[in-house]
Q: 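Questions regarding the structure given below will be posed in turn.
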Amino acid sequence: MLGTESRHRIVLALIAGPAVVLIAWFVAPEPAEAASAQPSVGQSAVQATVLTTVQGDGRRVALTFDDGPDPTSTPMVLTLLARYDAVGTFCMIGTQVQANLALARRVAAAGMRICSHSRTHDLQLGTRPVSRMTAEITDVGQRLPGITVRYFRAPGGNWTPTLQAAAARNGLQPLGWSVDPQDWRRPGMSAIVTRVEQHVRPGSIILMHDGGGPRDQTVAALGQLLPWLTAQGYGFAFPTP
């Protein structure tokens, strides 16, 4: 007896005369094997190479902000970006997103891009088991359903090949930088501005911080840098491979 799993169609034809029953069956083709699931966040296909420049022609730079969202600094950064018609990429920490969920969504709604900066900012993340790496890498995206997370930036910039591959496997472009004013050290507003002005080039990805501690110096420096960059003929873009 043919079971329902066989997907056989049985055709019975009774021919007049000697009672002969002809049985023919046709086997329906099996459905094609399901395609591998694509990552639910970020891009469907990315390279594991760490991105350190904005690609393309023209005098463009990418502004990036780490360790937020912060209820004090992040809104001020958004206000300045809007004032100068600039865009930024915000590399968020999962625990900060959890504590400031509405603010994280506000950043995305303002037209900015979201980057995962891990769940806990573990500086040794690249040496942890892959299962832990994956949980840390994908945490921000899981906390922001409906919002695309495109990048992953390693805490402290401490990349390993395994961490890069884990980010790419989850659809997140590994994101680095090319200009680091070390604003997180709080060297003073003037020092932050000077370092950016001395090192910025067309295609630079500039690293700053909107979280991880008091960021009044960074906000003040950004207020100086945005009009200066505009006067130098720079436009503002997102990191692109």
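We use all heavy atoms of the structure for the numbers below, so side chains are in, but hydrogens, waters and symmetry mates are not. One-based numbering along the sequence shown.
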Q: Can a donor-acceptor pair be found between the side chains of Asp210 and Thr74 at a distance below 3.5 Å?
A: yes
Q: Within a radius of less than 6.0 Å around CD of Gln47, do more than 12 heavy atoms belonging to other residues, nucleotides or ligands occur?
A: no
Q: Closest heavy-atom contact between Ile206 and Val196?
A: CD1-CG1, 4.0 Å
Q: Given side chains that start at C-beta, do those of Tyr234 and Ser204 come closer than 4.5 Å, heavy atoms only?
A: no
Q: Leu222 and side-chain contact (heavy atoms from CB on, under 4.5 Å): which partner among Asp183, Val77, Val193?
A: Val77
Q: State whether Asp70 and Arg215 are salt-bridged, where the test is any N-O pair (Lys NZ or Arg NE/NH1/NH2 against Asp/Glu carboxylate O) under 4.0 Å.
A: no
Q: Can you name the residues that form a side-chain hydrogen bond (donor to acceptor under 3.5 Å, both in side chains) with Arg83, not counting sequence neighbours?
A: none
Q: Before accepting this row, confirm whether a basic side-chain N of the pair Asp216/Arg186 lies closer than 4.0 Å to the acidic partner's carboxylate O.
A: yes
Q: Under 4.0 Å between a side-chain nitrogen and a carboxylate oxygen: does that hold for Asp122 and Arg132?
A: yes
Q: Would Trp228 and Tyr84 count as a ring-ring contact (aromatic ring centres under 6.0 Å, His included) here? Give the steps.
A: CA-CA 11 Å; Trp228 181 84; Tyr84 292 97; over 10 Å; no
Q: I'd like to know if the side chain of His117 reaches the main chain of Asp66, judged simply by a donor and an acceptor atom lying under 3.5 Å from each other, with no hydrogens or angles considered.
A: no
Q: Does Arg59 reach the main-chain N or O of Gln232 with its side chain, forming a donor-acceptor pair under 3.5 Å?
A: yes
